[in-house]
Amino acid sequence: TAALLCSPGTYAPAGAAACTPCAEGTVATTTGASYCAVTEPGFESSEDRAKQLPCSPGAYSTGASPCRPCPSGSVSAEAGAAFCTRCLRR
């Protein structure tokens, strides 16, 4: 059987009869994907799972998960942070 040409955000392993949506924390960025890739640290999957979006400043992601706000007393100053840094006390 021919490989399915699934749209971005979905995938079909070899021999599958239908396309399957990617799970949260994963993406398929191309047409005809045979698997979904885990999102990189500092990014989350778009709602349609077709692309990675950087976390906003003040949030972080360790990869394969949605962006989360930095805990109290810490910050991420730039978009795409994989971790938050403790604030300095004065």
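In this view, Thr62 and Tyr60, Ser65, Arg68 satisfy the side-chain contact (heavy atoms from CB on, under 4.5 Å) rule, not counting sequence neighbours. Residues satisfying the side-chain contact (heavy atoms from CB on, under 4.5 Å) criterion with Pro57, sequence neighbours excluded, are Ala79. With sequence neighbours excluded, the residues forming a side-chain contact (heavy atoms from CB on, under 4.5 Å) with Cys6 are Leu4, Thr10, Ala12, Cys19, listed by chain and number. Remark: Thr85 engages no residue in a side-chain hydrogen bond (donor to acceptor under 3.5 Å, both in side chains) (not counting sequence neighbours). Remark: Ser74 pairs with Cys70, Pro71, Cys84 by the side-chain contact (heavy atoms from CB on, under 4.5 Å) rule, at least two apart or across chains.
The heavy-atom pair separating Ser61 from Phe43 by the smallest distance is OG-O, 3.2 Å.
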Review item, side-chain donor-acceptor pairs of residues 25-36, under 3.5 Å, at least two apart:
from: Thr26; atom 1: OG1; to: Ala23; atom 2: N; distance (Å): 3.1
from: Thr26; atom 1: OG1; to: Ala23; atom 2: O; distance (Å): 2.6

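Once rounded to the nearest 0.5 Å, the distance linking CD of Glu44 with CZ of Arg49 reads 9.0 Å.
Side-chain atoms of Ser45 never come within 3.5 Å of backbone atoms of Gln52 as a donor-acceptor pair (strictly under, hydrogens ignored).
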